Every structure is written in C-alpha cells, then in structure tokens.
There are 2 protein chains.
Amino acid sequence: MADEELPENIALAWGLRDRPSRGPKRSLSLEQVVAAGIQVAQAEGLPAVSMSRVASELGVSTMSLYRYVPTKHDLLDLMVDTAFGPPPQPRAPGEGWRPALARWGEGHLTALRRQPWIRHVPINGAPINPNQVRWLEYGLHALRGTGLRATERISTIMLVNGYARSWATLSLDLAEAAARSGQTPDEVGMRYWRNLTVVTAPGPYPAIHELLTETGDEDDDEDAEWRFGLGRVLDGVEVLIESRATQDPAGR
Amino acid sequence: MADEELPENIALAWGLRDRPSRGPKRSLSLEQVVAAGIQVAQAEGLPAVSMSRVASELGVSTMSLYRYVPTKHDLLDLMVDTAFGPPPQPRAPGEGWRPALARWGEGHLTALRRQPWIRHVPINGAPINPNQVRWLEYGLHALRGTGLRATERISTIMLVNGYARSWATLSLDLAEAAARSGQTPDEVGMRYWRNLTVVTAPGPYPAIHELLTETGDEDDDEDAEWRFGLGRVLDGVEVLIESRATQDPAGR
DNA sequence: TATCTTCTGCGTATGGTCTACGCATTAAAG
DNA sequence: CTTTAATGCGTAGACCATACGCAGAAGATA
C-alpha cells in the first residue's frame, strides 16, 4: 500500500495505520475515542471537550488518549468528519445540476444544525478526511457536464459550501444567544434592532434608518432567508453555465 | 442620553460610559488596552493574546485589565472592530450598486488579509460595534434604490460578507500552512492534490479523478478564484434586481 | 479642612487547560 | 524463554481566565 508519504493525520483518518501487533492489546479503538468526543461535544458543547473530560467518559486516564491521537486538534478533525457523516443522495442520472447542488448545500445546513458544535472547530486546511472527500466527490459530481472548467467547479462548490457554513453559523449563534438569555430568537432579534436604533440615533446612518422604518412584514418561514441566498448563488452559477452552453457548446 | 437599556458591551464600544470621576485617575485608556491587544495579535497571532501578555505589554498587572474590560471576549470584540477599521469609499451619487457592493466585498478581504488573526475570533452575534455598524450602513447604502425589500437587502449583504469571510479564511489557512512548513503555497497545493490522489485511489471517486486528470493550466493571478466567486454572487443578485425592475418598477 | 465615598491597581488563589517525559506492565515474535 | 515493542498511566510543568479582597488615591460633601 502507498500509505507512506502520507502525514500521520491523514493515515489515521483513513485507517491506514500499520499493525500494532507487538505489545499488549489496546483497550480502546480510535472510533470509540472519537465517538466519546462527539458525545461530550453534543451534550455540553465544544468547550467541554477537554482531553481529561473525554478520557473520563471512557473510564481511562487522560494521557491514554495520546496513544490514539497525536494531538487534540487531530481528534477534533476526526470528530468533525465523523459527525458530518456521508453526503446525501447523489445526483441521479437524469437530474440537473441545480437541484443536486441545492441538496448538497441543504445537506451542509442540516449537518451543522444537527451538531451545532461543528461550526466552532477551526478549519485546518483543505478537505482530506474520508467523509469530507465524499462530500467533495458529490459536489463535483453535481457539476459534471456543465461545461465549467476544473477551477470553476472547485470555486463553485467552495462558494456554496461557504454560504451554507456562514449562514448556519449566523443563525445558530442567534439561536444560542437567545437560549442563553432565556428568550425566543424573535425577542433577541427585536432587542438587536432596538439596540441598533439607539446607537445609530446620533450619527448619520440613513440606509440603516431606512431599513429600520421599513416595518418587516415578518416572514414566518424560518428558512426563507437561507433559501433566498442559496437561490441567488445558484442563479449566479446558472448565468455562467448558460452563457457557456450557448457560446461554446463543447465545454471547451 | 439614552444609554440605559444598553448592555455593558455595547455601551463600552460606543464610549457611552458614565463619569468615573470619584476615585484616582486611571493610568490607561480603553483604546490603549485594545491597541495593545491588537499589537500582540498582529505580531504573534491570536493564541498569544492572553490577559497577562497584554498586561505585560502595557506594563501593568494582569488583573488591572479587568477594570477596563468585563471579560476577555469583550476585549477581542473591540479588537476586531478597531482592527477592521472603517469601510471604503461609499457609493458615489452616480455609481451603480454593483461596483459599490464589489468594493464592499473587496474591503472585507483586504481587512482580513491585513490582520489575519481576525478570522480566528469567534463571532458573537449580529454586528453592533461602531465600525461594524459603519460597514453595515455602507452595504445597505449600496443597495438603495434597487427595488430589493428590506430582508432581501440584509440577506444580500450577508451573502457577500459570508463569501468574503469564508474565502479569506480558506486562502489564509492555506498560506499559513505553507509558511509553517517552509514551503510555497503552490507546493502545499501540489502536496494536497497528491495526498488526495493517494487516498482516493482505492475508492470510487470518478468526479475527483476527472478533476485531477484535468491538468489545470495554472492561472497566475492569485485572486482569480476570489473574483470568480464574487462575480457569481453578484450575477445572482443582478438577476433578481433586473427581474424586479421589469416586473415591478415601483420597487414592490 | 476633615470625612466620606468611590474607584484604582494589584496580590493571591482556584480550578482549569494541553502535553512532555518516563516507568512498569503486557503480550507477541524469534 | 528471551527479546522487543506497545500499552496505560502518574507526575509535573507551563500555561490560562478570573473571583475576591485589600490598601491607597482623589473627588464630593459637610
């Protein structure tokens, strides 16, 4: 196997570890450690995930964990990859790129909503862990045959990915701030607008005041804003794809 | 002044603090504390910003800082707001929404590039600090008279903001990973593709392999991908604005 | 002027964090 | 049976944020 050359991180995540056959049996598996970390994060939030907390969850000592994971950050990366899980149903044979890519974006949102702590794990670099690679495959697959070039396909899925992540972060932050203060998200939103009104009162902020006086006829649908942004992104992609199709049908 | 009702955070950021006229003179100002924090973050990265590090930078004791700032996170918020600085030149009278909004997005990227540590400060909630509010004003101003509704204007600038932030994060992470390993960003990119090739070799990843075999005719321009994504986003917004203009010229 | 009141800076202490190092034990390989 | 490597873990070091309380400074008040 060509698992040489690979950094320790990656080999670990893909299960390409050599036989540790000489010493005593390990009392745990990497999967158990990762699962315990996820459980703590899910139950008590990411700040509660310390090595000692995870270790006590498993009934072992703190330092034992370092026989399974080189560093805490590697554990977090593995937790994210496992918690994200595999991508949704891939693009069906007759399906267009747009619904497939929309489903991809929704999948990100769903995963982040189900495990809100994921958004607080700092991103290390380009996606290389197993599930991340599967999501990458899905996203690229959705854009096959659209006439977009390689760099354009990558940029497009990064665009959707970034939008889903930033929107999920914003809406979850709001919801958690609400829960923390024992109010509904609507109340927190109202309080924000009121605070904004107070601080912008003395200064020249015409566009903000215009916004504040436009009484929003509250859309009940929680996800209307999400779908709005996603629609704009996909519209922008569609403009490019269609212009390619008409100007240069061969896909270059 | 209507500075009652405002949370401590916000009052502090807007300089709406009451007269502390009774006791001894303070030996520092809030601005000095924030500036010292920024200096440490800029020179040694965000993890180096501890209360004791900032205090020693100022020649005072650790606990003295808590007379200026309620908690460390409030200090970080103030640091971000100060480091971001004011937005760029606002939309000129005859200027269209699109170049103005593009400049807004570029401004985000420039600010994040100049102070890369900003991206590691976790976002607390909706923008309420002075410079953040100025950026908000700018963004909304750029969309005045486009026929977009209030929620649509907000969603649009959140979209551009999220894109700029996520793209800056990704490109800076890559650059820092490169610097850390003493390689050029290109080398790190090559290494990533090679690692991806290795791990995807045994499995079924047709779209990724298609991507990997498409030899990218390397675009020299570093920001080509950034401008690609921004162009798609703005195209998507343009589609909506134009459809509004033709269907409903009155702006709803 | 003398006292009161409030605010300052800071010393101490608590309870946490990650992880480097080394040691005794275990179990498979030769 | 010996060799060898891997395991779990105890100890310790170097940090971290911040709660609490105290001595002293200086404006407000009598």
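Labels below follow one simple rule: chain letters A, B, ... track the order of the sequence lines, proteins then strands, and each chain is numbered from 1. These figures come from a predicted structure and were not determined experimentally.
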Peer 1: Could you go through residues 28-35 of chain B and list every donor-acceptor pair under 3.5 Å that involves a side-chain atom there, pairing it with any protein atom two or more places apart or in another chain?
Peer 2:
unit_1 : atom_1 : unit_2 : atom_2 : d
B:S29  : OG     : B:Q32  : N      : 3.2
B:Q32  : OE1    : B:S29  : N      : 3.0

Peer 1: List for me each residue that meets salt bridge (Lys or Arg N to Asp or Glu O under 4.0 Å) alongside A:E176, sequence neighbours excluded, and say none if there are none.
Peer 2: A:R119
Peer 1: Tell me whether the side-chain N/O atoms of B:S61 come closer than 4.0 Å to OP1 or OP2 in C:dG9.
Peer 2: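 No.
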Peer 1: Run the ring-ring contact (aromatic ring centres under 6.0 Å, His included) test against B:F84 and tell me which residues pass, sequence neighbours left out.
Peer 2: B:H108, B:W135
Peer 1: Considering only heavy atoms, which members of residues 117-125 of chain B lie under 4.0 Å from some atom of DNA chain C?
Peer 2: none
Peer 1: Using atom types as modelled and distance alone, determine if a side-chain donor or acceptor of A:S56 lies under 3.5 Å from a backbone N or O of A:G59.
Peer 2: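 No, because the side chain of A:S56 does not come within donor-acceptor range (under 3.5 Å) of the backbone of A:G59.
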Peer 1: Nearest-Å distance, CG (A:L65) to C1' (D:dG10)?
Peer 2: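 Taking atom C1' of D:dG10 as the reference, CG of A:L65 is at 15 Å.
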Peer 1: Output a table of nitrogen or oxygen pairs between the protein and nucleotides 13-18 of chain C separated by less than 3.5 Å.
Peer 2:
unit_1 : atom_1 : unit_2 : atom_2 : d
C:dT17 : OP1    : A:S50  : OG     : 2.9
C:dT17 : OP2    : A:S52  : OG     : 3.4
C:dC18 : OP1    : A:M51  : N      : 3.4
C:dC18 : OP1    : A:K72  : NZ     : 2.9
C:dC18 : OP2    : A:M51  : N      : 3.1

Peer 1: Determine, for A:D186 against A:R191, whether the closest basic-nitrogen to carboxylate-oxygen distance falls under 4.0 angstrom.
Peer 2: no
Peer 1: Can you list everything that forms a salt bridge (Lys or Arg N to Asp or Glu O under 4.0 Å) with A:E8? Sequence neighbours excluded, please.
Peer 2: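 Checked A:E8 against salt bridge (Lys or Arg N to Asp or Glu O under 4.0 Å); matches are A:R17.
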Peer 1: Sequence neighbours left out, what passes salt bridge (Lys or Arg N to Asp or Glu O under 4.0 Å) with A:E57? Give chain and number order.
Peer 2: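 For A:E57 the salt bridge (Lys or Arg N to Asp or Glu O under 4.0 Å) partners, ignoring immediate neighbours, are A:R53.
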Peer 1: With sequence neighbours left out, write down each residue that passes side-chain contact (heavy atoms from CB on, under 4.5 Å) with A:V49, or none if nothing qualifies.
Peer 2: A:V40, A:A41, A:L46, A:V54, A:L76, A:M79
Peer 1: With nearest nucleotide decided by heavy atoms, which residue, B:G59 or A:M63, maps closer to the 5′ end of DNA chain C?
Peer 2: B:G59
Peer 1: Is there any ring pair (Phe, Tyr, Trp, His ring centres under 6.0 Å) pair reaching into residues 170-209 of chain A, and which pairs are they, with sequence neighbours excluded?
Peer 2: none
Peer 1: Calculate the interatomic distance between A:L28 atom CG and D:dT7 atom C1'; express it in whole Å.
Peer 2: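 To the nearest whole Å, that distance equals 11 Å.
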Peer 1: Could you pull out all residues at least two apart from B:R194 that satisfy salt bridge (Lys or Arg N to Asp or Glu O under 4.0 Å)?
Peer 2: none
Peer 1: Tell me: CZ of B:R26 to P of C:dC10, nearest whole Å?
Peer 2: 13 Å
Peer 1: Listed by chain and number, what are the ring-ring contact (aromatic ring centres under 6.0 Å, His included) partners of B:W226, not counting sequence neighbours?
Peer 2: B:Y163, B:W167
Peer 1: Would you tabulate the pairs of protein nitrogen or oxygen atoms and nucleotide nitrogen or oxygen atoms of nucleotides 22-27 of chain D closer than 3.5 angstrom?
Peer 2:
unit_1 : atom_1 : unit_2 : atom_2 : d
D:dG27 : OP1    : B:K25  : NZ     : 3.4
D:dG27 : O4'    : B:R22  : O      : 3.4

Peer 1: A:Y68 side chain N/O closer than 4.0 Å to the phosphate oxygens (OP1, OP2) of D:dT7?
Peer 2: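 A:Y68 to D:dT7 OP1/OP2: no side-chain N or O under 4.0 Å.
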